[in-house]
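Presented below is the structure to which this report refers.
In this text the structure is predicted, and so the values were computed from the model without any measurement. We number each residue from 1, following the sequence as shown.
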Amino acid sequence: MTDARQVTQPPMTLAAWAQLIVLGTIWGGSFFFARIAVLEIAPLTLVLLRVAIAAAALQLYLAARGIAFTPVLKKWPVFLLLALVNNVIPFSLMFFGQTALGAGTASVLNATTPFWTIIVASLFIADEKASPAKVFGIALGIAGTAVMVGPGLAAGLGGPAWAKMALLGMAFSYAFAFVVARRITGLAPALVATGQLSASTLIMLPVVLLTQETAELATVGAGAWAAVLGLALLSTAFAYILYFRIVAAAGATNASLVTLIVPVSAIVLGALFLGERLEPFELAGMGLIACGLLVIDGRVLPGRTVGAAAPKSAPGTAVPEKKSTGS
């Protein structure tokens, strides 16, 4: 476990804000790409394609940079666990949920990740106890989730309940990934990302070969394959590298503001290209979630300090601030 030193949140430069907006757009695109791909590719098969292509791309990146993969092999048990809670489980739930939910709704439910992360971290990490501001932010986030999901359950709006629960399960899995990621120290961020994606590939390969009919891939259209490549190369491999650059420049807490951008990106893409729209109650819930995130981040209640390991929310990564490592 890392120490509990208190550090002041670094300022956000114009360059950091620009990178954050690009990252939010890319991660919002992951829900857009997934919505297209799951219409033709089974969810578990799509998980394998996403992690395998991204892992291969990052392995090539390590080779080009002359970074040895050996340190990852020495810590393979924790990487297998991180792969489960940060890739295999959440990606599977995401893709199953998006067989019935649009990109916008899915991305807003993903934005609840910081709230579950704070709750889980408070239970399992001694130096991550929730402050009053965090508790208030959590309350706003949970209220926003209830507003988003509740009316739809009662009136049958905004997608089926099981799909929304799947997306909430994805966010909850990411929360546990933060706790696991705290166990990985002393490795470069690119190594951690490559290690977990490689481990995810090893897990998913036998699962897909034993349970899925892969012959269907021969009939997949060019649009779905383009979505797969966008999901794996842009929204996974490249996004991880960009995210860690932001963490190095501005800290993980500032980087977590990407959570506010992801739903906007996904909603705009869904509306422009997929004909989606959010129900009014879902927009209201999104507003409460955004307020909760701002309270937790400290911009509504300025002057706070953040611990050495602030949680982060985005599709597929959890990062301890001190070492800037994560998925």
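- Between the side chain of Arg35 and the backbone N or O of Thr99, at least one donor-acceptor pair lies under 3.5 Å.
- Taking the side chain as every heavy atom from C-beta outward, Phe33 and Leu234 approach each other to under 4.5 Å.
- With contacts defined as side-chain heavy-atom distances shorter than 4.5 Å, the pair Val22/Trp17 does not qualify.
- Residue Leu44 holds its CG atom at 12.0 Å from CG of Leu209, rounded to the nearest 0.5 Å.
- The aromatic rings of Phe273 and Phe32 lie tilted to each other, with the angle between the two planes from 30° to 60°.
- Ala57 and Ala237 make their closest contact through CB-CB, 4.1 Å (heavy atoms, listed as atom of the first residue, atom of the second, distance).
- Summarising the geometry, atom CD1 belonging to Ile41 is positioned 5.5 Å from atom CG belonging to Leu49; distances are rounded to the nearest 0.5 Å.
- Although no hydrogens or angles enter the test, the distance criterion places a donor-acceptor pair under 3.5 Å between the side chain of Thr211 and the main chain of Val207.
- With contacts defined as side-chain heavy-atom distances shorter than 4.5 Å, the pair Arg50/Phe95 qualifies.
- In terms of heavy-atom proximity, Ala177 sits nearest to Leu82 at O-CD1, 3.8 Å.
- Leu205 CG to Ser200 OG: the interatomic distance, rounded to the nearest 0.5 Å, is 12.0 Å.
- With rounding to the nearest 0.5 Å, the separation of CE in Met204 from CG in Leu197 is 12.5 Å.
- Within the model, atoms CD1 of Ile241 and CD1 of Ile246 stand 12.5 Å from one another, a figure rounded to the nearest 0.5 Å.
- Under a 3.5 Å cut-off, the side chain of Ser173 and the backbone N or O of Val85 do form a donor-acceptor pair.
- With Thr236 contributing its side chain and Leu233 its backbone, the two residues share no donor-acceptor pair below 3.5 Å.
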Inset, instruction - With side-chain contact (heavy atoms from CB on, under 4.5 Å) as the test, would you mind laying out the steps for Tyr174 and Asn87 before giving the verdict? - result: CA-CA 8 Å; Tyr174 284 145; Asn87 288 158; 5.8 Å; no

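- The closest side-chain heavy-atom distance from Val220 to Leu217 is below 4.5 Å.
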Go through it in stages, so that I can follow the logic: the residues are Ser198 and Gln59, the test is side-chain hydrogen bond (donor to acceptor under 3.5 Å, both in side chains), and I'd like the CA-CA distance, side-chain angles, deciding distance and then a yes or no. CA-CA 9 Å; Ser198 299; Gln59 287 284 2; 3.1 Å; yes

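- Looking at Lys75, its side chain does come within 3.5 Å of a backbone N or O of Thr185 through a donor-acceptor pair.
- Between Leu93 and Leu167 the shortest side-chain heavy-atom distance does not fall below 4.5 Å.
- Between Tyr240 and Val192, every side-chain heavy-atom pair lies at or beyond the 4.5 Å cut-off.
- Of all heavy-atom pairs spanning Glu40 and Thr219, the tightest one is OE1-O, 4.1 Å.
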Q | Stepwise side-chain contact (heavy atoms from CB on, under 4.5 Å) test for Leu231 and Leu46 | A | CA-CA 10 Å; Leu231 190 62; Leu46 184 57; 4.2 Å; yes

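- Side-chain atoms of Leu39 and Ile36, non-hydrogen and from C-beta on, never get closer than 4.5 Å to each other.
- Of the possible donor and acceptor atoms, one in the side chain of Gln98 sits under 3.5 Å from a partner among the backbone N and O of Phe31.
- One N or O on the side chain of Ser92 and one on the backbone of Val88 form a donor-acceptor pair closer than 3.5 Å.
- For the pair Trp27 and Tyr243, the minimum side-chain heavy-atom distance is below 4.5 Å.
- The CG atom of Leu140 sits 4.0 Å away from atom CZ of Phe136, with the distance rounded to the nearest 0.5 Å.
- Formation of a donor-acceptor pair under 3.5 Å by the Ser235 side chain with backbone atoms of Ile26 is found in this model.
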